[in-house]
Structures are given as C-alpha cells and as structure tokens.
Colleague: 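If you scroll down you'll find the structure; I have some questions about it.
In what follows, chains are A, B, ... by sequence order, proteins preceding strands, each numbered from 1. Please read these numbers as outputs of a predicted model, since none were measured by experiment.
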Amino acid sequence: MRIVVCLKVVPRPEEVKVNLESKTLDRAGARSVLNPADVNALETALAFRDTVGGKVTVLSMGPPQFEPYLRVAPAVGADEAVLLSDRAFGGADTLATSYTLATAIGKIGGADLIVCGEESSDGGTSQVPPSIAEWLDASQATYVERIVSGKSAATVLATRVLENGKETVELDLPAVVSVVVGANEPRFIDYDRWAFAQSASVKVLDFAALGGDPQYLGLKGSPTTVAGLREVRKPGRRREVLTVTADDAAARIKAEIERAGLVRN
Amino acid sequence: MTGANDGGCWVYAERQGDSFLSVSLELLGKARELADRLGGELTALTVGGNSGAGAPLRRYGPDHVLELTHPLLATYDAKAYATAIGAELSKSKPSALLLGATRNGQDLAGRLAVRMRTGLTAHVTGIELDDRQNLVGWVPGFGGGIEAGVSCPVRRPQMVTVRPGVFPLPEGRTPTGDVREVVPELSEKDLGSRRVSFEVKGSSVDLTRAGVIVVGGRGTGGDFTRLEKLARLLGGEVGATRIATDAGWVERDRMIGQTGVITHPKLVLVLGASGAVQFTVGIDRASTVVAVNRDPSAPIFDHADLGIVGDLGPVVDSLLRALEA
Ligand SMILES: Cc1cc2nc3c(=O)[nH]c(=O)nc-3n(C[C@H](O)[C@H](O)[C@H](O)COP(=O)(O)OP(=O)(O)OC[C@H]3O[C@@H](n4cnc5c(N)ncnc54)[C@H](O)[C@@H]3O)c2cc1C
Ligand SMILES: Cc1cc2nc3c(=O)[nH]c(=O)nc-3n(C[C@H](O)[C@H](O)[C@H](O)COP(=O)(O)OP(=O)(O)OC[C@H]3O[C@@H](n4cnc5c(N)ncnc54)[C@H](O)[C@@H]3O)c2cc1C
C-alpha cells in the first residue's frame, strides 16, 4: 500500500495577531507546530501501514522553514518526506493548494491512500482533502476516526464521525481520507526523537521539479481573494470574577439567571 | 474582469431522512434576499433516491425546486453527488451556490468546487455584497479568533458554505415555484463509496435554538447528571466542550464551538471548561455568560460576565438547592 500523508505546519493560533492598520496577519511572532489533526492523520497512516504493509510518504507545501518540522515524520517511522517549496506556490487558496498537492502525489509515483487532517488550525477550511480527491479522481471519506482493510485489496473501510452518528463506508482505492483531531494516540511528540530526526533527509521539490499547469498554481491559480480581515470582536463582557463560598456563588448565579429573565420567582 | 451576478442563486438543501436540515432552510431565507438584490432567481436543489421529496422547499420562497433523483443517490457519496450536481451547474450556470457547512455539506463542496474550477468560501459566519455585487463571506480562522472576508470575483458559481444558526430560520409560507425532477445518468462506477452501516447517536438536539445552555467541560470529570438537572430546571439544554463529547460523556451534537455549533442563548453557564478559542467562538454570541472554574487564570473568565473561582461540584449543588427552594 502506498500511503501519502499531507502535513501542514501552522502557527499557534493564539499567537497570531491581525495588524489592524495594514489588514494583514502578523505571524512573525507566532511559533509553529504540526497541525494537530495531521498528527492524528500521520498516526492513522503509520498504524495502517504496520498492519497491511507498504510505504508512508509525508508531503507538505510551504516555505523552506518547514523542513525541520517534517523531519519528525521519518523519525517516527515514515519512509520518506517531501516538501513542496517555491514562490510560485505562494498565496494559494484551497483550489490551488489541493492542485499542487495532487500534482505532487502523481509526481512521486501516485498513492493508494492519501491521509489528511480534518482541518488546519489556521485557514481551517477543511476543503483541501475533498479537493485533492477530485483532482485525482479518487474517492473520499472526510471526518474519519478509523480505517481498516476492506473485503478486497481494492477497498478500505472508513468510519466517519457525522453530526448525528457514525457512518462506516466501503471506500474504493485510490482514496483520500481526512482524520478527526483526537482519533488516536499519536506515537510521538517525544522530542528526544529529534536526535534521529536531524539525520533524516527531506526531499524538496520546487516548481521546476514538480511541473504542473502554472494557471492552477499559487496566487494565479486561486479564484478566491481576501477582501478584508478582522479580529473577531470579543463581546463586551463584565468580567466580574469572584472567589466566594459555594452558597454565595450560587446566590450570585441565581441573581444572574433572574436578571436574564429566565426564572419565575 | 468580474463574473456575472444575475445568473441566480442556488441553495443545496440537505436532507436527513425525509426532513431538511434547518441550516438549508436558513440559507433559502438568506438566498431569497440575495437573489432579490441581485435581480436573479432562487433555485432550491435537493438530491436523493426518490422523487417528490423537494415539495416542502416550496414553502421557503424559491422560484424553482430542482430534484436530482436516482437510486444510486439514496445515500450520500461525494463522487456521485458531485457528478449529478456538477452537470446541472454546468447547464444552468448560476452565479452562486450556497451549502450548509455540515460535515457532508463541506465534503461535497470541496469536491464540487474543483469540478467547477471555482472558488469556495468556507463555513462563513456572515455574507455581505461588495460594491461589485460579489458575495463576501466571513471565514473564521485561527481557531475562530480572526475572520477573513473572502470573495470569488471572477469564477462562477461563487460557492459558499455557511455555518448552522447564522441566519434566522424563515417561517414557512404559501408555496411558490415549480418543481422539476432530473434523473441523472449514473452507474455503479460513478460511486466512490458505499455505506456499510450507520450507528445513530443519541437524541438530536439543536443547540442553536436553545435559550439557556449548561455547558460541561473536562472539569466535570464526566458526570453530567447534575448538569442535566440544572438545565431542566432552567428550561434549557446541556452543551459540552469537544473534550467532553470526544470522551463520549454526552452526544456529539451537543458540542459547542468551531467544530460544534455557534450558539446564541440568553444565558450560558460554563462549568469546568478552560475557554480555548475553538470553544469560546461558540458562546461569544450569548447575552450572558457565567463561568465556574477552579483556575483563576483560566481564559474562560475573559469571556464571562460573572466568573466564579472554585470547584464546580459544590457550586452546582448549592445552585440546585437554591433553584429548587
Ligand atoms: C482566516 C483564513 C480564511 C481562509 N478562507 C479561505 C476560504 O474561504 N477559501 C479558500 O479557498 N481559502 C481560504 N483560506 C486559504 C487557505 O487556508 C489556504 O488555501 C491553505 O493553503 C489551505 O487551506 P486550509 O489551511 O484551510 O486547509 P484545510 O482544508 O483546513 O486542511 C485540511 C488538511 O489538508 C492538508 N493540507 C492543507 N494544507 C496543506 C499544505 N500546505 N501542505 C500539506 N497538507 C496540507 C492537511 O492534511 C490538513 O489537515 C483562508 C486562510 C485564512 C488564514
Ligand atoms: C481543529 C480543532 C477544532 C476544535 N474544535 C473545538 C470545538 O468545536 N469545541 C471545543 O470545545 N473544543 C474544540 N477544540 C478543542 C479545544 O482546543 C480545547 O482542547 C477544548 O475546548 C478544551 O475543553 P475543556 O475546556 O473541556 O478542557 P480543558 O482545556 O482541559 O479545561 C478543563 C478546565 O476545567 C477546569 N477544572 C477542572 N476541574 C475542575 C473542577 N473540579 N471545578 C472547576 N473547574 C475545574 C480546569 O481548571 C480547566 O480550566 C478543537 C481543537 C482543534 C485542534
């Protein structure tokens, strides 16, 4: 089984600020991490490979600074890491991002199963996985918590977590799945393993190496534009914080409930 | 160059069994307004296994109802649905297509946008029109702390997924519009997946409409019985953080926040939740927030009108006594 895991490196959400004058994001002050859901995606892929055999390649699109983050993957057992990095890929929306990732999957020899996270913690659109599936004409299952082998080698069984229950589908390969945050207990983040990770190499592909149709790449390939940015206004809360006995606390909460007009006295 | 905006507005009306999701009806209400402002028509699109299911949509003001029916469309499959819907979009060329940002709605939208080679604005919390009459959707990012106004000026249709509970649920009115059925050409090979089983989870509750919500987080340790009692006394519902629903302490449709629902109750009582941004986006529209947490530095207190520092157990017990007295 050839498995590709799409890993995104993201800034810690709480450390990103909007510069309200320039209406741009200030990510410079924010530290980066592997996107939380992608850590679960990687674990899903490694565990599945360990049962069915095969090879796991991690794939990421982003600036060269992402390279050290990708080294974690080989250190925990991925077979290969590929970083797509070129100015031509910059400014991509989900259409262009998914095109670039899909093209790279073809370039590195294709895949039977592509495992993504459910959503990133920065853009957070959750659109990239189903979009990759369409570019590759693959089947898809999003919001998956579990994958097991199917009846034949041409399928897998995927369990999706939906609003009203859990759906298990028989999914034809090749397929793209997106894995929910917390789906499993990842086998790292053990930073002692960084020592191994330093020796692992990450293959970097730029535009020349990737090929692909430039009309679908980067800013040019992105039909959406960001017309504005705003910090979500925190509602003007009273922020009265009390340390009192349980009975006094209850009396205060009850008063709040009555003030909201919710209790008949 | 800009795209045309008078080609009409389509809404994908998603079904669960025989009933339509409220978010789809909310979108019909909003899209009626948009279609009127843009001078186009409103089409409600529904997809499923048998004909006749679209008729109830006529009560929400459409000019047309389009039913795509085929036995292979009886359960949702992204590939087959995208094939059926994509063909109709290519024929009719609407200016906009709105979908509910449900899990299947987003699953479908991501695929369909690529098929149409168009832009998709994700799970918005508001829609405006810019000075060229393009839709601008406000997309929450970074766990919900920041919103980007995203538009798709050139390609059509402009695709937007919208979070449940953002727009008001319109009242059903005198039916309008015609119903047209199309049976797409599909065969087994157009499917990418087949449903093997479906395990229905608990009751279905719609927290977007609750007036009072009693929320439990990890700090409850999993015991929701007293929270349920409290909610009952207040005529409200129990809600939960993702930690609590992931642990299986309460049903998943009680999850509040970025992955869960955005609520706007009169009062929300938050017990043992830290106040992660992914959670607080779901309570920031409440009229009043009260929080109990034993950690005085918990971020939840920045989102609360009244905060109580302390162990939630005794506070809940006292409150139950006070309310029952
Ligand atoms: C606030 C904000 C709002 C935005 N709104 C929109 C919008 O409405 N429409 C739009 O088209 N774009 C939007 N974008 C841009 C979008 O975030 C980028 O296109 C981004 O490159 C990919 O989308 P995502 O982060 O939303 O990924 P998601 O679709 O949320 O990511 C899901 C999974 O896809 C994989 N993946 C995603 N990106 C990469 C990558 N670079 N490398 C490897 N794997 C990856 C990962 O497995 C990830 O877990 C927005 C960006 C921001 C910051
Ligand atoms: C992509 C993504 C999407 C997410 N979406 C959501 C979402 O929609 N909704 C959501 O809720 N989360 C979401 N999360 C998770 C979110 O980041 C937090 O992890 C989660 O909200 C924390 O839940 P909690 O507050 O219950 O638990 P914790 O953060 O562990 O907080 C527990 C709190 O309880 C307090 N406490 C403990 N014991 C007691 C006691 N006896 N009395 C009083 N206080 C006590 C502690 O002081 C602590 O502050 C998402 C995360 C990701 C990565």
Colleague: Does the pair A/Y69 and A/S32 meet the rule for a side-chain contact (heavy atoms from CB on, under 4.5 Å), with working shown?
Modeller: CA-CA 9 Å; A/Y69 295 88; A/S32 293; 3.3 Å; yes
Colleague: Any salt bridge linking B/R226 with B/D317? Criterion: basic side-chain nitrogen under 4.0 Å from a carboxylate oxygen.
Modeller: yes
Colleague: Please state whether the side chain, the backbone, both or neither of B/R321 comes within less than 4.5 Å of a heavy atom of chain A.
Modeller: side chain
Colleague: Side chain, backbone, both or neither: which part of B/S151 has a non-hydrogen atom closer than 4.5 Å to chain A?
Modeller: both
Colleague: Below 4.5 Å from any heavy atom of chain A, which atoms of B/S197 appear? Answer side chain, backbone, both or neither.
Modeller: both
Colleague: Taking side chain as everything from C-beta outward and backbone as N, CA, C, O, which of these in B/R194 sits under 4.5 Å from a heavy atom of chain A? Side chain, backbone, both or neither.
Modeller: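 Both parts, heavy atoms under 4.5 Å.
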Colleague: Between B/Y76 and B/R195, is there a cation-pi geometry (under 6.0 Å to ring centre, at most 45° from the normal)?
Modeller: no
Colleague: Which one, B/G313, B/G149, B/C152, leads in non-hydrogen pairs under 4.5 Å with chain A?
Modeller: B/G149
Colleague: Are A/D172 and A/S139 close enough that a side-chain donor and a side-chain acceptor fall under 3.5 Å?
Modeller: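 There is no such pair (donor and acceptor under 3.5 Å, judged by atom type) between the side chains of A/D172 and A/S139.
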Colleague: Can B/S274 and B/D295 be counted as having a side-chain donor-acceptor contact under 3.5 angstrom?
Modeller: no
Colleague: At a 4.5 Å cut-off on heavy atoms, which part of B/Q258 comes close to chain A: side chain, backbone, both, or neither?
Modeller: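 Interface part for B/Q258: side chain.
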Colleague: At a 4.5 Å cut-off on heavy atoms, which part of A/A138 comes close to chain B: side chain, backbone, both, or neither?
Modeller: backbone
